[in-house]
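Contents: one structure, followed by commentary.
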Amino acid sequence: MKIIFATNNAHKLSEVQAVLGEGFELVTPRMCGVEEDIPETAETLEGNASQKAHYLYEKTGLDCFADDTGLEVEALDGAPGVHSARYATDGHDFAANNRLLLKNLEGKENRRARFRTVISLIEQGEEHLFEGIVEGHIIDHESGEEGFGYDPLFVPEGFDRTFAEMSAEEKNAVSHRGRAVRKLVTYLHAKQQ
Ligand code: IMP
């Protein structure tokens, strides 16, 4: 089954393809002729995922899904949250975001944080939402080379390594996105029967 995933981020694409398995072929917006940045101007993860999925559906008329993820840090009242990509700058500057997060957590004892992903699927014109959460904490220095974004700072509950020190398989098994995508897969498989 072919399905459009609203991302041109190669890391996310391969993470999600690994969880979806061989029964599904992911197609990117670019492959469907959607070259422009897809708008995400909502103030919630749900709103952004939904906005991106509806945008693609209107452009292509095909089944599609979009995700939006935020890192929610307890001591920062849920920041950076929906602003995770542009926390420090206007672009997707992962190193600057990580530096700012460490600075804002300086001196704070509570390092609890979670990643939350929301997926909006538009299937035959109807929207379905799926959520995945992983709890953990933020360490005080970057560690590890794998993954992307805040991975070098985030240690998931039950582990003593950051996401950036895990293989893609290990991360997918517990990650926010892995959990949300598995819910999506369960739904799509049930529909195929
Ligand atoms: P997006 O909505 O998936 O594009 O995520 C927004 C921002 O959250 C990204 O630019 C990253 O900074 C961060 N982020 C999302 N997923 C992850 C992840 O799996 N690990 C680390 N950071 C992530």
For [X] and [Y], work out which heavy atoms get closest and say how close.
| X | Y | result |
| --- | --- | --- |
| C32 | V27 | SG-CG1, 3.5 Å |
| V19 | G178 | CG1-O, 4.1 Å |
| K52 | D67 | NZ-O, 2.7 Å |
| G132 | R179 | CA-CB, 4.0 Å |
| A53 | A66 | N-CB, 3.6 Å |

What distance separates [X] [atom1] from [Y] [atom2], expressed to the nearest 0.5 Å?
| X | Y | atom1 | atom2 | value |
| --- | --- | --- | --- | --- |
| R86 | H92 | CZ | NE2 | 4.0 Å |
| E142 | R99 | CD | CZ | 8.5 Å |
| D68 | N48 | CG | CG | 4.5 Å |
| E15 | T7 | CD | OG1 | 10.5 Å |
| L100 | K103 | CG | NZ | 6.5 Å |
| I3 | C64 | CD1 | SG | 7.5 Å |

Side-chain heavy atoms nearer than 4.5 Å, only ILVMFWY residues, links allowed to pass through others: does that put [X] and [Y] together?
| X | Y | value |
| --- | --- | --- |
| L62 | V16 | no |
| L13 | V181 | yes |
| L26 | L184 | yes |

Under 4.5 Å between any side-chain heavy atoms of [X] and [Y], yes or no?
| X | Y | result |
| --- | --- | --- |
| R111 | E74 | no |
| L56 | F65 | no |
| N110 | H137 | no |
| P156 | F163 | yes |
| I4 | T28 | no |
| H141 | S143 | yes |
| V185 | H189 | yes |
| F5 | L20 | no |

Checking [X] side chain against [Y] main chain: does a donor-acceptor pair fall under 3.5 Å?
| X | Y | value |
| --- | --- | --- |
| N97 | A85 | yes |
| Q17 | F24 | yes |
| E58 | Y55 | no |

Indicate whether the side chain of Y87 and that of N104 have a donor and an acceptor atom separated by less than 3.5 Å. yes
Please check if atom CD in E36 has more than 12 non-hydrogen atoms from other residues, nucleotides or ligands closer than 6.0 Å. yes
Please indicate whether R161 has more than 12 foreign heavy atoms, meaning atoms of other residues, nucleotides or ligands, lying under 6.0 Å from its CZ. yes
Under 3.5 Å, sequence neighbours excluded: what are the donor-acceptor pairs made by side chains of residues 116-130?
from	atom 1	to	atom 2	distance (Å)
R116	NE	E72	OE2	3.2
R116	NH1	E46	OE2	2.9
R116	NH1	E131	OE2	2.7
T117	OG1	T69	OG1	2.8
S120	OG	E127	OE2	2.7
E123	OE1	Y187	OH	3.0
E127	OE1	S50	OG	3.3
E127	OE2	S50	OG	2.8
H128	NE2	Y187	OH	3.0

Dump the intermediate steps for side chain to side chain contact (heavy atoms under 4.5 Å, CB included) on M1 and D63, then the final yes or no. CA-CA 10 Å; M1 177 185 177; D63 288 351; 4.1 Å; yes
Could you list the donor-acceptor pairs under 3.5 angstrom formed by side chains in residues 144-155, with sequence neighbours left out?
from	atom 1	to	atom 2	distance (Å)
Y150	OH	S84	O	2.7
D151	OD1	K171	NZ	3.4
D151	OD2	F148	N	3.0
D151	OD2	K171	NZ	2.8

